[in-house]
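The structure appears right after this line, and notes come after that.
Numbers restart at 1 for each chain; the letters A, B, ... are given by sequence-line order, proteins then strands.
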Protein chains: 4
Amino acid sequence: MNELIEPATRRTPKGDTTREAIKLAAKRALAAEGFSNAKIADIMASVNRSPGAFYKYYPSKEALLLDLLDAFRARLKAEVNRSLDMSEEPVEHLKERLGAFWKIYRDDWPVATAAFQMSMANREFARAWHGVRQQGIRGMSSVIKLLQQKGFCSGLDSELIASALCSMLEYTGYNWTARAGDFPDRLIDDATAIEVLTRLVLDGVRGGAAQIAALPSAAKELGRDRMRRRTPS
Amino acid sequence: MNELIEPATRRTPKGDTTREAIKLAAKRALAAEGFSNAKIADIMASVNRSPGAFYKYYPSKEALLLDLLDAFRARLKAEVNRSLDMSEEPVEHLKERLGAFWKIYRDDWPVATAAFQMSMANREFARAWHGVRQQGIRGMSSVIKLLQQKGFCSGLDSELIASALCSMLEYTGYNWTARAGDFPDRLIDDATAIEVLTRLVLDGVRGGAAQIAALPSAAKELGRDRMRRRTPS
Amino acid sequence: MNELIEPATRRTPKGDTTREAIKLAAKRALAAEGFSNAKIADIMASVNRSPGAFYKYYPSKEALLLDLLDAFRARLKAEVNRSLDMSEEPVEHLKERLGAFWKIYRDDWPVATAAFQMSMANREFARAWHGVRQQGIRGMSSVIKLLQQKGFCSGLDSELIASALCSMLEYTGYNWTARAGDFPDRLIDDATAIEVLTRLVLDGVRGGAAQIAALPSAAKELGRDRMRRRTPS
Amino acid sequence: MNELIEPATRRTPKGDTTREAIKLAAKRALAAEGFSNAKIADIMASVNRSPGAFYKYYPSKEALLLDLLDAFRARLKAEVNRSLDMSEEPVEHLKERLGAFWKIYRDDWPVATAAFQMSMANREFARAWHGVRQQGIRGMSSVIKLLQQKGFCSGLDSELIASALCSMLEYTGYNWTARAGDFPDRLIDDATAIEVLTRLVLDGVRGGAAQIAALPSAAKELGRDRMRRRTPS
DNA sequence: TATGAATGAGTGTTCATTCAT
DNA sequence: GATGAATGAACACTCATTCAT
């Protein structure tokens, strides 16, 4: 995606090691400070290199983030959007995908957050970040469309639902993981996170149809309640 | 919440006008550049004032954002968390609240986004932003708990669900509104947005019960379907 | 000395009151912050006036200090250099003069210190402050010359001695009075201060000749001591 | 005293050169403008460096002055307060010490003056400057106490005398050296300065005893003389 | 190749001074 | 006369980037 940031020469193993170390340190810096506040000098210091050495690996600070973002996107594609063909049992399939999604965000939310921030002011990042979002949305909406053909979730814009659910996943990835998130004093284990998110996505994805069709007990009662009220008014 | 930023003297109408103009211009700048990139001089120029005039109104750039955030929080509290007693029809109640939420974010996502960004690197913002999040989560989880008593959505951590749903609302507020969001070429009208979000929240909030009741029929059928489909191809 | 700072119109009593209040507040500000750090707005606020009102009384911040310095100089002239004719008993005379000097500095060291500071970077203040110093030095050296004619303190440059003694008086005025001076936890009463300073000046003024002539016991012993030591080495 | 300002890495010779050049240029700027008026950019320009380079060496403008002040204090301690034991001939000892003092002030009064100015408004400088003063005062008062045990200078507060004499030395260091001092058109050579100052300090230090012993003869005679003189004129 | 000193444009903030009301 | 909002030049400090060694 970003050939510009590839150096002309084939990277040596040593260079690769350093490059990976830089990426790791950069993520840590991103997590602690955000992109604008993260300093090249600090990142390089935490890798025991001089500031100048950074430019052996990236032509600019932004190229570093673009590289991280590219890796992030590739990982998402490989592990979440892997196959859109659903040979497996769909609920399990979804759960598995969301588990992958969750783990990627647990590790890489600093990259996503930084890219998101940059996307607001910077054209190139806007495009790149938009691409990442679209990738997720496409995957999600293809599931939804499939279900809509089955009669679920009918009548609503699948793209919007996909967008909203992706937003939930992404931002929740941050809020349940980052120190500055919603639960600073609580470690949310992977199993719980994945279970809750799966259920919410499932509900959202099956949505309206499921309710009307399948909820004589719960939902209809709610509905009836409402009707009764509505009738007299 | 932030009395510190109130000047000692009673504000004159003229000063008030300027102050409001500054806030508005600041939101625009925040939307276009993000907090770190927004320049005081630019904000003041767009209000036809000199850079120095800013400091008649705020002691620092950060104080401005804190003020905007405080107003944002107050608005949320007034319009969304208004009454937690559910004397009214609950679905209508929820819809109305989410409508308010949506409109606030539609107007003020630059503030929320900037505060979110700052919360990552800055103690004071972390606290303030966390407070905003908690306010939303508390409101949401009180609804959920109420429903759980009625048998819905049982077995799952109401705080987690509330957090995830708030994340969805917030981030969707951005992604459906901002130019750099998911749908740059499409204007999502309030009614649609509110409808979709309400449905998703409702599903998430009612959730669990429905699943337990309906999964054998719905989800499994989905699964079977899929398999059948795949087999012949 | 500084006619520039006199307004064209005859000052009204009310204006005079405010002007005096400004001077007083300025001295306090000078004492607490020094000239560069003292802010017009603060001074005016402590007089319950708007910043703009300052310029009714002085054309600039520096004019204020020049005015204060002029008053300081006038007071010194009136009370210390009052009469250089020494009709009274000279020791008493000196003591009285130094008492006046001490009291002036006790009250006005902020002005002197500020003027001194400004004199380093600013031509006009350099001249003005130099004038104040010269006034003191002239007074002191005239005493010394008189004594030299009597055989005291011979062989030394009376101007240098006068300069040094004036330096001692001035700087001691600060160091024994200001909160940031040498004795923060001790209040040095006027009598003690005047006694010690008088003695030091007297000794300095009478100096060497007196010693040789009048100190067979003390000084010579010291001298002898020295010789003895020196002889063998 | 100020390890904080030492960079973490071992300073290279090149860096050391620049650092020393900065100190020197800073002293010149301090002499010409005073601390508040001295501009980092100017100092760095006079060292042929960009403004930003300053911060390789000092974290702030104030840290620079603290460093200069620390060096000043160290030099004073090493050369003036070197040994407080008076095994050598005391007058020679004193003369030598005052000579060192004089030369230090001749070189470094800009630092002392700037520190003095800053001490009025700034806590940290107040402490640091007070420390320098105390160091001088302690040295001086130990001499005085020694002499008091021999019967000199009895009955007066040795600390006050020490303070006053130190004030004389310090401020005279400025007034005989600086362009804006008392003798703009005259270069006072070291020998003269040291001689005069030594005599004044000696007189002040021995003082009291001499007075008591010699006043009937000397001072009163002076008084009588004066009267006699005046009468006929 | 790596270093780290140096660059220099950029920005938040201050405050003496002005001026419309 | 008085006000106080506004001015705008000034300056300390930052940091991505460069380059001599």
Side-chain angles (χ1 to χ4, degrees), chain A residues 9 12 14-15 18 36-45 48-64, chain B residues 7 9 11-12 14-19 36-44 47-64, chain C residues 9 12 14-15 18 36-45 48-64, chain D residues 7 9-19 36-44 47-64:
Chain A
T9 61
T12 65
K14 187 185 176 190
T18 305
S36 328
N37 294 343
K39 285 157 230 159
I40 299 262
D42 288 352
I43 292 172
M44 295 311 285
N48 292 318
R49 288 273 175 288
S50 68
F54 176 81
Y55 296 86
K56 281 283 155 209
Y57 300 93
Y58 294 100
S60 72
K61 192 186 175 189
E62 301 184 355
L64 163 62
Chain B
T9 60
R11 284 169 290 166
T12 67
K14 187 180 178 187
D16 258 7
T17 305
T18 306
R19 175 183 286 261
S36 325
N37 294 345
K39 284 162 240 160
I40 298 265
D42 288 351
I43 293 173
M44 295 310 284
V47 180
N48 291 318
R49 291 274 177 285
S50 69
F54 176 82
Y55 296 88
K56 270 272 164 231
Y57 300 94
Y58 295 100
S60 71
K61 195 185 173 190
E62 306 194 345
L64 164 62
Chain C
T9 61
T12 66
K14 188 184 175 189
T18 305
S36 327
N37 295 344
K39 286 157 227 159
I40 298 262
D42 288 351
I43 292 172
M44 295 311 284
N48 292 319
R49 288 273 177 286
S50 68
F54 176 81
Y55 296 86
K56 281 283 155 205
Y57 300 94
Y58 295 100
S60 73
K61 192 185 175 190
E62 301 183 354
L64 164 62
Chain D
T9 61
R10 189 176 301 272
R11 285 169 292 168
T12 66
K14 187 181 179 188
D16 257 9
T17 305
T18 306
R19 175 183 286 261
S36 325
N37 294 344
K39 284 161 242 161
I40 298 266
D42 289 351
I43 292 173
M44 295 310 285
V47 179
N48 291 319
R49 291 275 178 284
S50 69
F54 176 81
Y55 297 88
K56 271 271 165 237
Y57 300 93
Y58 295 101
S60 71
K61 195 184 172 191
E62 306 194 344
L64 164 62

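Spacing between atom NZ of D:Lys56 and atom P of F:dT14 amounts to 12 Å, rounded to whole angstrom units. Atom CG of C:Asn48 and atom C1' of F:dG4 are 14 Å apart (whole Å). Remark: C1' of F:dA6 and CZ of B:Arg19 are 15 Å apart, rounded to the nearest angstrom. Atom-to-atom, CE of C:Met44 to C1' of F:dG4 comes out at 12 Å; the value is rounded to the nearest Å. When rounded to the nearest whole Å, the span between CZ of C:Arg49 and C1' of E:dT17 equals 19 Å.
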* Asked: Dot-bracket, DNA chain E: Watson-Crick or G-U, under 3.5 angstrom, [ ] crossing, | other strand?
  -> .||||||||||||||||||||
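Taking all atoms of both residues into account, the shortest heavy-atom contact from A:Ser36 to B:Ser36 is OG-OG, 3.6 Å.
If you check E:dA6, E:dT3, F:dT7 against the side chain of B:Ser50, the one that comes closest is F:dT7.
Across all strands, B:Asp42 comes closer than 4.0 Å to no nucleic acid atom at all (heavy-atom distances).
Listed by chain and residue number, D:Glu62, D:Ala63 satisfy the side-chain contact (heavy atoms from CB on, under 4.5 Å) test with D:Ser60 (two or more places apart in sequence, or in another chain).
The one candidate from C:Ile40, C:Asn48, C:Asp42 that meets the side chain to side chain contact (heavy atoms under 4.5 Å, CB included) condition with C:Met44 is C:Ile40.
The side chain of B:Tyr57 contributes an N or O atom lying less than 4.0 Å from OP1 or OP2 of F:dA6.
Within the 4.5 Å cutoff, the side chain of C:Thr18 has heavy atoms near those of the C:Tyr57 side chain.
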* Structure fact -> Each nucleotide of nucleotides 9-14 of chain E classed B (base within 4.0 Å of a protein heavy atom), S (only sugar-phosphate) or -, in 5' to 3' order, makes --SSBB
